[in-house]
Amino acid sequence: MTQLQTNPQINTVGIDQISFATSKSYLDLAVLAERNGIDVAKYHYGLGQELMAVPAHHEDIVTLATDAASRVIGEGKRNKISTLIFATETGIDQSKAAGVYVHRLLGLREDCRVVEMKQACYSATAALQMACALVARHPKEAVLVIASDVARYELDTPAEATQGCGAVAMLITAEPRIAVVHPEVGNYTEDVMDFWRPNHSKTALVDGKFSTEMYMKALVNAWNYYQKNAGMAFSELDHFCYHLPFSRMGVKAHRKLCEHVQSGLSREQSDAQLAASLEYNRVIGNSYTASLYLSFASLLDHGKDLAGDNVAMLSYGSGCVAEFFAATIVDGYQQHLHSDIHERSLLERVALSYEEYVEYWNYPDPVDGEEVVIESHRHHKGPVLRSIRDHKREYAIN
Ligand code: CAA
């Protein structure tokens with residue numbers, strides 16, 4: 001009989017590299033507030049949002065994903081990638097995985113499996129957990145996880161100010177240089193209609209207040225299951241990263257958790273446990289599947305000396321599925337961040353007028369095979385959507 005050996009690397013699997021990308025343009029929410037006759041304090045304090053990333057016509061989930069992933073596959077790691085898992089709520093095709101385009105644009109090896117996952121804003125966490133399981137099984141291989149979304153709601157609705165877009169790419173390996181992801185999790189699933197997008201709709205349908213209530217309920221239940229499944233105690237967790245449809249949601253969720261566990265922390269102490277994780281979301285907006293990991297990237301880039309710290313993560317996807325889990329930051333992680341590129345990419349963005357924003361919002365989407373050449377791509381370097389013809393999207397790297 002074969003003696004089964006425990007793989008010593010199984011418990012060190014985690015995030016080796018992480019980077020994000022967002023659109024090159026944004027709308028200042030002060031512009032939206034003025035146009036909609038709303039006190040801007042509602043956006044700045046009520047939602048905790050300042051700027052909202054708006055994709056141009058040549059930018060979509062594939063170009064953002066390719067941009068983010070191009071930074072995490074360097075240093076000889078490209079040929080180790082045996083699987084690419086693409087998580088998104090805003091898929092561009094009902095059949096073909098968006099990751100297949102990314103696979104070509106990044107020049108990944110042809111014996112790499114590619115698949116797309118969906119469950120609203122949650123699916124990137126399922127992708128991460130599956131990636132960890134695959135790497136535990138084949139520790140010499142790496143798995144590329146990409147979360148990429150464009151959050152779109154109807155104009156002139158309360159949800160309009162919570163749009164945004166972004167992609168986060170993570171390379172999962174057995175010897176991670178950023179964070180070890182622990183196997184203990186707490187999951188919670190309930191069939192509810194708080195936010196959804198029927199196949200015929202380009203924008204999400206949402207029962208706004210109910211969605212925030214479901215988020216809180218799912219958080220408490222996921223936490224309870226996390227505790228039941230031998231997760232870390234609240235006092236062992238140093239920082240908290242939440243799914244951030246808008247940054248104030250994370251602040252409220254964390255206050256709720258502190259109350260639930262009777263942490264005894266003051267509001268200032270509670271808020272300090274997630275402050276560094278909110279910075280990017282405040283100026284990018286919702287990026288659905290990418291949002292929790294953008295929050296983690298924000299903590300890594302803005303937090304001080306995190307080595308050895310335990311980071312709690314709460315993933316929430318409407319509909320709904322939630323998961324609570326934790327990761328521990330690895331010594332020397334600072335040397336493997338892309339903080340400067342992240343900061344520069346945000347500073348170099350262009351502010352849109354309200355009219356330009358509406359023009360971008362009405363993106364070309366031919367339904368009859370008609371040819372559309374995306375002229376704006378000519379002025380941009382990097383991955384772009386060049387045209388749509390015969391119902392086919394044509395991507396390239398300029
Ligand atoms: N100054 C300061 N604050 C102000 C203000 C002012 N002048 N005016 C209003 N506010 C505050 C309000 O008091 C409120 O804060 P509290 O919740 O702390 O009371 C906050 O601004 C929001 O204002 P409203 O209560 O009037 O809410 P709204 O009608 O603008 O809608 C929303 C807010 C429901 C979040 C809406 O933006 C929405 O539907 N967003 C999309 C759905 C969403 O993001 N849901 C989150 C959970 S679901 C999820 O997480 C999945 C996902 O990604 C979508």
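The figures here come from the full heavy-atom set of this structure, side chains too, leaving out hydrogens, waters and symmetry mates. Along the sequence shown, the residues carry numbers beginning at 1. Just so you know, ligand 1 is whichever comes first in the structure, and atom 1 is the first atom listed for that ligand.
Per-residue contacts place Gly208 under 4.0 angstrom from the following atoms of ligand 1 (heavy atoms of the residue considered): 34 (C), 39 (O). Ligand 1 places these atoms under 4.0 Å from at least one heavy atom of Tyr316: 48 (S), 49 (C), 50 (O). Near Thr162, the atoms of ligand 1 lying under 4.0 angstrom from a non-hydrogen atom of the residue are 37 (O), 40 (N), 41 (C). Of all atoms in ligand 1, listed by their number and element, those nearer than 4.0 Å to a heavy atom of Ala159 are 37 (O), 38 (C), 39 (O), 40 (N), 41 (C). Atom numbering of ligand 1 starts at 1 in the shown order; those under 4.0 Å from a heavy atom of Ser318 are 48 (S), 49 (C), 51 (C). Taking a cut-off of under 4.0 Å to the non-hydrogen atoms of Phe195, the atoms of ligand 1 that pass are 54 (C). Contact atoms of ligand 1 toward Gly46: 3 (N), 11 (C), 20 (C), 21 (O) (distance under 4.0 Å to a heavy atom of the residue). For ligand 1, the atoms sitting less than 4.0 Å from at least one non-hydrogen atom of Tyr215 are 50 (O), numbered in the order shown with element in parentheses.
Closest to atom 44 (O) of ligand 1 among all protein heavy atoms lies Pro245 CB, 3.3 Å. The closest protein non-hydrogen atom to atom 2 (C) of ligand 1 is Ala41 O, 3.5 Å. Among all protein heavy atoms, the one lying closest to atom 31 (O) of ligand 1 is Pro158 CB, 3.8 Å. Here the protein heavy atom with the shortest distance to atom 27 (O) of ligand 1 is Lys209 NZ, 2.9 Å. Summary of contacts: the protein heavy atom closest to atom 7 (N) of ligand 1 is Asp39 OD2, 3.0 Å. What sits closest to atom 35 (C) of ligand 1 on the protein, heavy atoms only, is Phe246 CE2, 3.4 Å. Ranking protein heavy atoms by distance to atom 54 (C) of ligand 1, first place goes to Tyr153 OH, 3.2 Å. Of the protein's non-hydrogen atoms, the one nearest atom 42 (C) of ligand 1 is Val206 CG2, 3.5 Å.
At least one N or O atom of Ser211, backbone or side chain, sits closer than 3.5 Å to an N or O atom of ligand 1. For ligand 1, none of its N or O atoms has an N or O atom of Leu47 under 3.5 Å away.
Counting heavy atoms under 4.0 Å from ligand 1, residue Cys121 touches it through the side chain alone. Residue-level proximity to ligand 1 for Met214 is absent, since no heavy atom of it falls below 4.0 angstrom. If you look at Lys252 next to ligand 1, the close heavy atoms, those under 4.0 Å, all belong to the side chain. The proximity of Asn286 to ligand 1, defined as any non-hydrogen pair under 4.0 Å, is limited to the side chain.
Annotation: cation-pi pair Lys202/Tyr363 present, NZ/CZ under 6.0 Å from the ring centroid and within 45° of its normal. Figure legend: Lys96 and Tyr101 shown as a cation-pi pair, the cationic atom lying under 6.0 angstrom from the six-membered ring centre and within 45 degrees of its axis.
Side chain of Arg197 to main chain of Glu89: a donor-acceptor pair is present (N/O by atom type, distance under 3.5 Å, no hydrogens or angles). Of the possible polar contacts, none joining the Glu184 side chain to the Met232 backbone as a donor-acceptor pair under 3.5 Å is found.
Side-chain atoms of Ser315 and Tyr242 include no donor-acceptor pair closer than 3.5 Å. Using modelled atom types, one finds a donor on one side chain and an acceptor on the other under 3.5 Å when comparing Gln269 with Ser266. Side-chain polar atoms of Asn187 and Glu323 form a donor-acceptor pair below 3.5 angstrom. No side-chain N or O of Glu279 forms a donor-acceptor pair with one of Ser298 less than 3.5 Å apart. Arg113 and Thr83 share a side-chain donor-acceptor pair at under 3.5 Å.
Between Tyr288 and Tyr153, the ring planes are perpendicular. Angles over 60° get that label, and only those under 30° would be called parallel. Ring pair Trp223/Tyr226 is tilted by interplanar angle, where 30° to 60° counts as tilted.
Under the 4.0 Å criterion applied to side-chain N and carboxylate O atoms, Glu375 and Arg378 are assigned as salt-bridge partners.
Taking the centre of each ring, Tyr280 and Phe20 come in below the 6.0 Å mark. Residues Tyr357 and Tyr354 bring their aromatic ring centres within 6.0 Å.
By the definition of a contact as any protein heavy atom under 4.0 Å away, atom 13 (O) of ligand 1 is not in contact.
Counting only non-hydrogen atoms, the option in His243, His44, Lys42 that gets closest to atom 50 (O) of ligand 1 is His243.
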